[in-house]
There are 2 protein chains.
Amino acid sequence: MNDDLPLADGAQARPYLSLRAPQPHYLRIRDQLVTDLARDLLPADSQLPAERELAERFACTRVTLRQALQLLESDGLIYRQNRRGWYVSPPRIRYDPTRISGFMEYVTAQGRTPRTECLQAQRGPAGAWLAKRMGLDHPEQQVFHLQRRRWVDQRPVLLEYNVLVAEWCPELLGQDLSTSLTQLLRERFGHVQSRSALLMHPETLDEKQAAQLQASPGSNGFYLERLSFGEQGQPVEFDREFWRPDALAVVLETQGAPL
Amino acid sequence: MNDDLPLADGAQARPYLSLRAPQPHYLRIRDQLVTDLARDLLPADSQLPAERELAERFACTRVTLRQALQLLESDGLIYRQNRRGWYVSPPRIRYDPTRISGFMEYVTAQGRTPRTECLQAQRGPAGAWLAKRMGLDHPEQQVFHLQRRRWVDQRPVLLEYNVLVAEWCPELLGQDLSTSLTQLLRERFGHVQSRSALLMHPETLDEKQAAQLQASPGSNGFYLERLSFGEQGQPVEFDREFWRPDALAVVLETQGAPL
DNA sequence: AAGTGGTCTAGACCACTTG
DNA sequence: AAGTGGTCTAGACCACTTC
């Protein structure tokens with residue numbers, strides 16, 4: 001037989017099949033990328049080389065390379081900016097949703113730079129869905145709808161939708177909503193939520209949300225919602241937060257709740 | 001020009017380009033699948049048709065189809081069993097990690113059938129890493145290492161690693177560890193944790209974990225860890241939980257923590 | 001204008017599950 | 001034994017960002 005025949009059959013040309021470990025190629029590429037990232041000590045938010053360059057380096061197609069990159073993305077080691085490329089993830093922001101402390105405060109406390117951008121603020125009726133969800137008396141009850149985007153170190157990490165009962169915090173729209181809402185409620189209205197119910201789970205961002213977070217359509221996200229009650233136990237605020245999943249670690253301390 | 005020329009160029013042959021909506025094809029397939037799933041009222045845990053069949057139905061390749069399926073997977077609507085196929089996700093288990101209530105109890109309370117399988121149970125020194133992580137006095141301190149797999153309705157949803165200070169619950173290995181550890185500690189040892197610190201975030205399952213949960217390598221997971229303290233404030237237990245991300249919704253109630 | 005990531009095709013082989 | 005999902009190749013075009 002002619003040894004010089006080109007490897008027409010892909011099977012023998014696949015490098016990973018000749019190696020001892022029976023791992024898929026994209027897992028080996030991921031591991032290599034992890035060690036490369038660690039060795040080069042790439043700073044947070046720095047950009048990775050182009051996909052075509054990486055694919056050439058690992059002798060694979062872009063499809064396979066992207067499979068490896070998506071693993072690192074799910075693990076929170078790198079993130080994507082839509083159509084811009086891949087970047088090294090900074091450490092997760094540690095967020096305790098049970099604490100009466102606003103985004104601006106706990107991000108600053110971790111040595112990072114927070115920014116809040118108010119995308120929308122309006123007053124209107126709650127509507128049937130929200131009234132039921134919040135446990136309001138009637139759907140015509142007036143509420144404020146806020147939509148805000150929050151940044152950490154030049155990167156959008158969170159979309160936040162707040163619904164606040166209007167009579168609980170009148171004149172809210174005259175305030176500066178690009179600051180801490182927690183602080184505003186405390187200092188302007190003297191309010192401290194006495195109780196809240198939280199729910200959170202992973203899910204995908206919808207297309208609009210992904211665009212607003214400069215993420216790719218269909219990106220993973222982390223969803224957190226909070227229903228807060230006022231001093232008399234009445235529902236006063238309903239929040240929904242959509243996070244970049246690599247940007248966040250939820251932490252909390254429990255005081256031994258007796259049965 | 002000859003109108004009968006075959007469409008050699010893929011551009012004009014791609015169906016999604018001729019549609020009004022500028023959405024990528026895989027997003028349209030996802031939407032179609034969502035409505036199909038809703039219309040057919042497929043029961044939880046039932047299997048979807050084969051990928052090749054779905055790809056033919058949507059006139060796309062398997063690559064594109066799988067992109068759509070992976071979106072539904074991230075959203076928690078369907079899940080995968082490695083090499084077996086795609087299945088409809090049942091409702092998420094609601095889990096309050098601040099409550100003193102075990103897996104067996106809260107799964108049952110939600111009308112589902114829990115099962116706990118003890119994969120490993122041994123006694124040994126904590127080791128340097130764990131001792132530091134738990135705040136133990138010295139790394140030689142004896143602890144129990146448990147590794148358990150938990151099921152809901154015939155499906156493995158959770159891997160749990162428990163580390164318990166041995167002197168806090170002696171003779172633990174003589175007990176039935178395929179039941180509720182919470183209950184065991186309470187009834188056998190009279191223990192109720194007085195305080196705990198939690199941390200959670202999305203990440204990927206490693207290969208062994210994925211295999212144990214019958215998931216595909218590199219699947220998304222949800223990580224939750226808990227460091228619990230005993231009656232005198234001493235560290236007594238360190239848990240790490242790796243969940244199938246579609247199986248879980250974390251819920252909790254906060255009593256207005258004053259500053 | 002050049003280059004990038006996003007999307008897609010049309011195949012292929014293999015390991016594994018199912019019957 | 002047949003069929004499935006898991007993995008991979010070698011291209012391609014487009015929309016968008018960057019320069």
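We name chains A, B, ... by the order of the sequence lines, and we start the count at 1 in each one. Computation of the quantities below employed the complete heavy-atom set of this structure, encompassing side-chain atoms and omitting hydrogens, waters and symmetry-equivalent molecules.
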Checklist entry - About how many Å separate CD of A/Gln147 and CG of A/Leu177, when rounded to the nearest 0.5 Å? => result 12.5 Å
Item to check | Separation of atom CD in A/Gln81 from atom C1' in D/dT17, rounded to whole Å | outcome: 12 Å
Item to check | Residues touching DNA chain C, which here means a heavy atom under 4.0 Å, drawn from residues 64-74 of chain B | outcome: B/Thr64, B/Gln67
Item to check | Check: B/Arg62 side chain, D/dG6 base, donor-acceptor under 3.5 Å | outcome: yes
Next on the checklist: Is the phosphate of C/dG6 approached by A/Arg84 (side-chain N or O, under 4.0 Å from OP1 or OP2)?
Outcome noted: no
Next on the checklist: Could you tell me if A/Trp86 and A/Glu73 have a donor-acceptor pair between their side chains, going purely by distance under 3.5 Å?
Outcome noted: no
Next on the checklist: Check this for me, if you would: do B/Arg28 and B/Asp31 make a salt bridge, where the nitrogen-to-carboxylate-oxygen distance has to be below 4.0 angstrom?
Outcome noted: no
Checklist entry - Got a sec, which residues hit side chain to side chain contact (heavy atoms under 4.5 Å, CB included) with A/Leu77, two or more places apart in sequence or on another chain? => result A/Val34, A/Leu72, A/Asp75
Next on the checklist: I'd like to know if the side chain of A/Glu203 and the backbone of B/Gly76 have a donor-acceptor N/O pair within less than 3.5 Å.
Outcome noted: no
Checklist entry - Between A/Arg57 and A/Glu53, is there a salt bridge with N-O shorter than 4.0 Å? => result yes
Checklist entry - Does the pair A/Arg30/B/Glu207 count as a salt bridge with the N-to-O cut at 4.0 Å? => result yes
Checklist entry - So does B/Glu117 pair up with B/Arg148, basic N to acidic O under 4.0 Å? => result no
Next on the checklist: In this structure, how many angstroms lie between the P atom of D/dG11 and the CD atom of A/Glu56, rounded?
Outcome noted: 13 Å
Checklist entry - So, are A/Arg149 and A/Glu160 salt-bridged, with charged N and O less than 4.0 Å apart? => result no
Checklist entry - Using Watson-Crick and G-U wobble pairs with both distances under 3.5 Å, what is the 5'-to-3' dot-bracket string of DNA chain D, with [ ] for crossing pairs and | for pairs outside the strand? => result ||||||||||||||||||.
Item to check | Between CD1 on residue B/Ile78 and OH on residue B/Tyr87, distance to nearest 0.5 Å | outcome: 12.0 Å
Next on the checklist: Nearest 0.5 angstrom please: B/His25 NE2 to B/Cys60 SG, how far?
Outcome noted: 5.5 Å
Checklist entry - Looking only at side-chain N and O atoms, does B/Tyr26 come under 4.0 Å of OP1 or OP2 in C/dT7? => result yes
Item to check | Approximate separation, where rounding is to 0.5 Å, of B/Gln214 CD and B/Arg84 CZ | outcome: 5.0 Å
Item to check | Residues within residues 207-222 of chain A bordering DNA chain D, heavy-atom distance below 4.0 Å | outcome: none
Item to check | side chain to side chain contact (heavy atoms under 4.5 Å, CB included) involving A/Ser216 - partner list, sequence neighbours excluded | outcome: A/Arg80, A/Asn82, A/Ser219
Checklist outcome for this item: Checking D/dT7, C/dC8, C/dT17 against the side chain of B/Arg83 (C-beta onward), the nearest is C/dT17
Checklist entry - Phosphate oxygens OP1/OP2 of C/dG6: is one of them under 4.0 Å from a side-chain N or O of A/Arg80? => result yes
Checklist entry - C/dT4 C1' sits how many Å from A/Tyr87 OH, rounded? => result 10 Å
Item to check | Separation of D/dT7 P from A/Arg28 CZ (nearest whole Å) | outcome: 15 Å
Item to check | Row check, B/Tyr79 ring normal vs B/Arg155 NZ/CZ: under 6.0 Å, within 45° | outcome: yes
Checklist entry - Can you tell me how far C1' of D/dG5 sits from CG of B/Leu54, to the nearest Å? => result 12 Å
Next on the checklist: Can you work out whether B/Cys60 or A/Asn82 has the more 5'-proximal nearest nucleotide on DNA chain C?
Outcome noted: A/Asn82
Next on the checklist: Give the residues of residues 45-53 of chain A touching DNA chain C, defined as any heavy atom closer than 4.0 Å, sorted by residue number.
Outcome noted: A/Ala50, A/Glu51, A/Arg52
Checklist entry - Relative to the 5' end of DNA chain D, which residue comes earlier, A/Leu27 or B/Gly85, by the nucleotide with the nearest heavy atom? => result B/Gly85
